[in-house]
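Numbering of residues begins at 1 and proceeds along the displayed sequence. Just follow the structure's listing: the first ligand is 1, and inside any ligand the first atom is 1.
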Amino acid sequence: MNFNKDFIWGCATSSYQIEGAASEDGKIPSIWDVYADEQGRIRDGKNGRIACDHYHRYKEDVKLIKDLGVNAYRFSISWPRCFSYTNERGILKPVINEKGFDFYDRLIDELLENGIDPWITLYHWDLPAILETQGGWRNRDIHNWIADYSAEVAKRFSDRVTKFFTLNEMPCIIGGYMGWMAPGFQVSEKEHINIVHNMLLSHGNMTKAVRANAKQNVLIGCAQNGLGNYPATDSKEDYDAFIKAMNCVEANPQAYAPLEGSKCFDANSLIYYLDAIHFGKYPEKAFEIFKDKMPEIKDGDMELISTPTDIQGINIYEGRPIAAGSALGVKDDGWHVADFPCGMDITGAKWPITPKSMNYYFKFISDRYKKPIYVSENGMSNADIVSRDGKCHDPQRIEFTERYLEELSKGIESGADVRGYFHWSLMDNMEWSNGYKERFGLVHVDFETQKRTPKDSYYWYKDLINSFRK
Ligand code: PNW
């Protein structure tokens with residue numbers, strides 16, 4: 001593999017997954033606090049009240065990031081840590097929580113002092129619970145609530161921070177309204193599609209708010225996810241089938257419904273979201289297929305949604321092989337999802353290991369939207385243990401990352417404009433509904449003692465990064 005000298009190497013985390021301090025210094029509950037504490041919906045009844053205790057141990061963690069040798073660190077700001085709300089006769093008014101902002105001030109300064117570029121994610125799923133009582137993502141007003149918060153973040157930090165992601169993984173926010181993420185219930189498909197519209201309006205309004213309040217030139221974009229599909233074989237037929245599948249506006253096979261029984265709604269394809277953002281219109285076909293389920297589009301909506309961005313973040317974990325021809329029982333669009341081989345390599349979370357997700361998929365996105373791409377997340381969970389020698393040996397993660405980066409390098413060679421890679425995650429953390437059972441870190445965390453142990457993959461990644469700097 002080959003990456004040029006300017007390529008950005010990073011690692012990533014998110015607030016609720018690592019910070020803990022769930023009700024400290026004026027932080028109000030997020031929908032994840034409610035989902036965990038009140039509803040007990042996280043595996044083994046766990047929660048994020050302490051998580052990695054990063055709120056108190058951030059200096060130690062920044063040292064780990066520095067020693068890893070990355071140039072960039074992607075983390076998210078907790079909205080309910082920085083904003084609370086008063087409810088005056090049904091009207092919510094934001095109140096700034098200085099102590100919350102102070103934490104990120106300290107974190108950002110610590111990162112900069114250690115030569116690490118901070119990349120902020122404005123929203124990584126921890127919605128203030130009080131906003132969910134007003135409908136959360138179902139309420140169109142959210143695009144104003146979240147823009148107010150984003151403006152404040154930009155005012156305070158854009159003197160030192162120049163990279164901003166708006167929303168993390170819109171299809172997973174929808175998961176909250178399919179039942180497998182907070183707030184944790186199922187709504188109709190028409191409502192799902194309306195939530196997508198509200199998220200896209202939010203993304204546009206956040207972009208506008210950050211730009212308007214930025215103290216210098218900043219790079220803004222969303223961090224989107226989906227399945228990184230690829231042609232099943234090297235044949236031209238399968239390549240054409242792959243392109244057809246990518247141009248499909250129905251979800252299958254571009255999105256997932258991770259919990260059995262949870263319904264994957266249809267308008268969840270990559271192009272459904274990204275065409276709206278980059279071209280200012282939903283794909284024509286969406287109107288044919290979803291008809292009256294399409295959202296009400298008010299004057300100015302598509303302009304707001306397509307407020308110009310600078311970068312496109314893509315979180316990528318897995319994909320599906322696409323082959324020519326129709327599968328049995330499926331309508332003939334000239335493509336189908338090919339079977340995985342028996343004994344397919346899988347991760348700890350049983351996700352398929354599909355390095356080719358890094359190649360054709362990125363070329364497709366790059367050719368279609370012509371924006372610099374950053375891999376804003378990639379990594380795997382593994383049943384890592386600390387051995388009696390005191391080390392944490394994780395050859396699977398090294399193999400996984402090497403395979404994925406090799407394919408990414410091929411994608412870049414074929415013309416995909418990918419400029420950076422953020423490994424998910426810096427350290428083991430609270431893996432949402434799966435609690436502490438999935439370890440995604442380059443650093444092992446003993447959640448009883450909070451001891452951090454860099455894994456073999458941490459040292460491997462460090463060497464790899466160094467090898468491309470020479
Ligand atoms: C992403 N799925 O989420 C998130 O951005 C991270 O916070 C998370 O820890 C990471 O990937 C690993 O899961 C996903 O079920 C959550 O397919 C679930 C799925 C995919 C991505």
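In terms of polar-atom proximity, Ser14 is not counted as a contact of ligand 1, lacking any N or O under 3.5 Å from an N or O of the ligand. Taking any N or O of Asn429, backbone or side chain, none lies under 3.5 Å from an N or O belonging to ligand 1. For ligand 1, the polar-atom distance check finds an N/O of Gln17 within less than 3.5 Å of one of the ligand's N/O atoms. Residue Trp424 has at least one nitrogen or oxygen atom sitting less than 3.5 Å from a nitrogen or oxygen atom of ligand 1, judged on distance alone. Residue Trp432 has at least one N or O atom closer than 3.5 Å to an N or O atom of ligand 1.
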*Check the pair Trp432, Asn434 against side chain to side chain donor-acceptor pair (under 3.5 Å), reporting the backbone distance first and the verdict last.*
CA-CA 5 Å; Trp432 306 112; Asn434 283 318; over 6 Å; no
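Between Trp79 and Tyr16, the ring center distance fails the sub-6.0 Å criterion.
Considering only residues two or more places apart in sequence or on other chains, Asn168 meets the side-chain contact (heavy atoms from CB on, under 4.5 Å) condition with Arg74, Thr121, His124, Trp125, Ala223, Asn315, Glu377.
Near His124, meaning under 4.0 Å from any of its heavy atoms, are these atoms of ligand 1: 4 (C), 5 (O), 6 (C), 7 (O).
In this structure, Glu318 has no heavy atom closer than 4.0 Å to ligand 1.
Applying salt bridge (charged side-chain N to carboxylate O under 4.0 Å, His left out) to Lys437 and the options Asp44, Asp428, Asp384 leaves one that passes, Asp44.
A donor atom on one side chain and an acceptor atom on the other are not found under 3.5 Å apart for Glu406 and Ser409.
Salt-bridge formation is not detected for the pair Lys59/Asp61: no Lys NZ or Arg NE/NH1/NH2 atom is positioned less than 4.0 Å from an Asp or Glu carboxylate oxygen.
Considering only non-hydrogen atoms, atom 2 (N) of ligand 1 lies nearest to Trp351 out of Trp125, Tyr317, Trp351.
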